[in-house]
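Read through the structure below, which is laid out as structure tokens, and then see the notes.
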Amino acid sequence: MSWSTFEELGNEILAQCKILDKFVKGQNLEKSELSFSNYDSWQAVIDCLNVNGSEVEKNARTDLLNKTADLRDLVLGPAGTVVWPALTYPYQLSTLKILNDFSIPQIIPRGKGKSKTFSEITKALSEKISKDLDRRFTMSEDFVTRVIRHASTFHILAIDEGAKTVSHTAPSQAFFKNPIPSIPPIGDAYSVQSTLTICLDLRFLNTAFRIGDALLRYGDIVEPYETAFNLAFDTPYDYLRYMADADNLELCEAMLDHLTFVMSSRNMATRDHDQNTLAKNVTSKIPSQDSERQNFKIVDMGGGWGDVCISIAEALQDTDKDKPLPKFVVKDLRRMINNGQNQLNTSDLHESIKSSITFEQYDFIRDRNREDNADIYMFRFVMHDWSDSRVVTILNNIVPYMKSTAHILIMDYIIPKPDMFPLVVERLKRTMDMAAMSILAGKERTEDDWGQLIIRFNKENPNTKLGFRFCPNSEFCTDHELCTNNESCKAIKPCTHDGLCNRKRAFGVVELKLASS
Ligand SMILES: C[S@@+](CC[C@H](N)C(=O)[O-])C[C@H]1O[C@@H](n2cnc3c(N)ncnc32)[C@H](O)[C@@H]1O
């Protein structure tokens, strides 16, 4: 990308700002001030955009994120672009960690005109920490002042220089659990606390920094128990086993909260996380005739607590409540299926849904699948947790035992082709890829990665030919043909869903089928 002048890029930014301003004006928001000091009005604009914004408006927001980052880098210069993050981000993270660990924003009262002096904050911190540590601790006012002054340079907390008091800004209020203003029904609340707790945990920070060390130590990053996570957490166990340990319950709970925040995506402007798309679309593959439907079998591999199967069953019942449901089998590790079965038994779901779902213990790495006559094998958010070698293992444990007409549907995060999305979107997805590699030896894949992986599977299994069809937006493109060419395994035609493929979808579906059928 290049521009002749700063103004040229500035004008592109201006054009996108106008789109957003026009949208906000048309929304009749009670308060729509864009101010670093007003949490409710600023967040209301963002929420409104997420809920009511058209594709054009949502894209304008992403484009602004992208172009303003470009402008900042251009202003910094080539060396500054490299040095700025290395120099400032560690200390920005450090200050965020201090604010979060000591709950400093929560000490300052919220509300118009409310504030605390540095010495009041220091005193409150001394009392709080003494109580937490169960010993007398005297907090240093100089420390508190310097941390808050640093935080205020990135809009967290504001200082009244005359009165020497500290009051809230909008970002400092994001540390609280905040009800979502003006627009039901998105959820209950936003809170960044769990996300900070996980992202700023020294062991997770170290996991990010030790990917190179892991490569040197283990030679390659293939096994989930030979990763940067193992080095940083000093454990021989893989991430999932480590998190399942009763001693790590608190960390595990913070991780679940963090994932919920990230998956809700509404604050990120770059990813559309409609998790139910797979469920919605699998229904289109289920036969409508009663006799065929009740014998139709869907196996959800790594199906956790059965949420995807429940969503599909509910979607089918919404369309026609008198029709029989297909058979659902959720396969997962023991602890998951026990929890899933208990949750299903005690749920308020309709009896017909409850009786359509069964749970089975199955380890897709260690166990060969027995012939189970399934019509569809689903994998939602499973494959990106595994290296290419282990995905081949998983497929090897299923494909030889599946019937010739069965489909494997893999729904996962998809990394876009270069230049297809703004860099800022690709950056977030590539960040997730690095996280998957460092924590689990996993991988976020592009369409081409999937093609290569299926070619590898077919080469290693000369008697089995898997066909491959890819749809980047989680809606099945029935006009795609299965690709069975071992040299270049790509979706044959581009997706024809009107414009949907251009959306910032986080997910895609890879459909696999034995080629001979
Ligand atoms: C990210 S979760 C996805 C859960 C579910 N598919 C969904 O979309 O909500 C990954 C799932 O894979 C399961 N899993 C991990 N290793 C497994 C293995 N070796 N065999 C079977 N399931 C496994 C985990 O227990 C977990 O339920």
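Quick caveat: nothing in here was measured; it's all calculated off a predicted structure. Each ligand, and each atom within it, is numbered from 1 in the order the structure gives.
- For ligand 1, none of its N or O atoms has an N or O atom of F381 under 3.5 Å away.
- Among residues two or more places apart in sequence or in another chain, the side-chain hydrogen bond (donor to acceptor under 3.5 Å, both in side chains) test is passed with D300 by none.
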Salt bridge (charged side-chain N to carboxylate O under 4.0 Å, His left out) between E444 and R430, worked out: CA-CA 8 Å; E444 305 280 6; R430 291 263 166 217; over 6 Å; no
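- Below 4.0 Å from some heavy atom of M336 lie the following atoms of ligand 1, by number and element: 25 (O), 27 (O).
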Return all side-chain donor-acceptor pairs below 3.5 angstrom for residues 336-344, not counting sequence neighbours, or 'none' if the list is empty.
{"residue": "N339", "atom": "ND2", "partner": "R335", "partner atom": "O", "Å": "3.3"}
{"residue": "Q341", "atom": "NE2", "partner": "N345", "partner atom": "OD1", "Å": "3.2"}
{"residue": "N342", "atom": "ND2", "partner": "N338", "partner atom": "O", "Å": "3.4"}

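- Ligand 1 lies out of reach of D307, whose nearest heavy atom is not under 4.0 Å from it.
- Ring orientation note: the planes of Y413 and H384 are tilted relative to one another, at an angle of 30° to 60°.
- Each of D412, D388, D433, D385 was evaluated against K443; a single residue qualifies, D388, per the salt bridge (charged side-chain N to carboxylate O under 4.0 Å, His left out) test.
- Listed by number with element, the atoms of ligand 1 under 4.0 angstrom from any heavy atom of G304 are 27 (O).
- Residue F364 has at least one nitrogen or oxygen atom sitting less than 3.5 Å from a nitrogen or oxygen atom of ligand 1, judged on distance alone.
- Each of the atoms 15 (C) of ligand 1 lies under 4.0 Å from some heavy atom of L240.
- Between K331 and ligand 1, a contact under 3.5 Å exists for no N or O pair.
- Short contacts between ligand 1 and Y362, defined as distances under 4.0 Å to a heavy atom of the residue, involve ligand atoms 20 (N), 21 (C).
- Taking every non-hydrogen atom of W386 and a distance limit under 4.0 Å, the qualifying atoms of ligand 1 come out as 16 (N).
- In this structure, F204 and M255 have side chains that are in contact, with non-hydrogen atoms separated by less than 4.5 Å.
- In terms of polar-atom proximity, D385 is not counted as a contact of ligand 1, lacking any N or O under 3.5 Å from an N or O of the ligand.
- At a cut-off of 3.5 Å, with distance as the only test, a side-chain donor of T227 or N230 sits close to an acceptor on the other residue.
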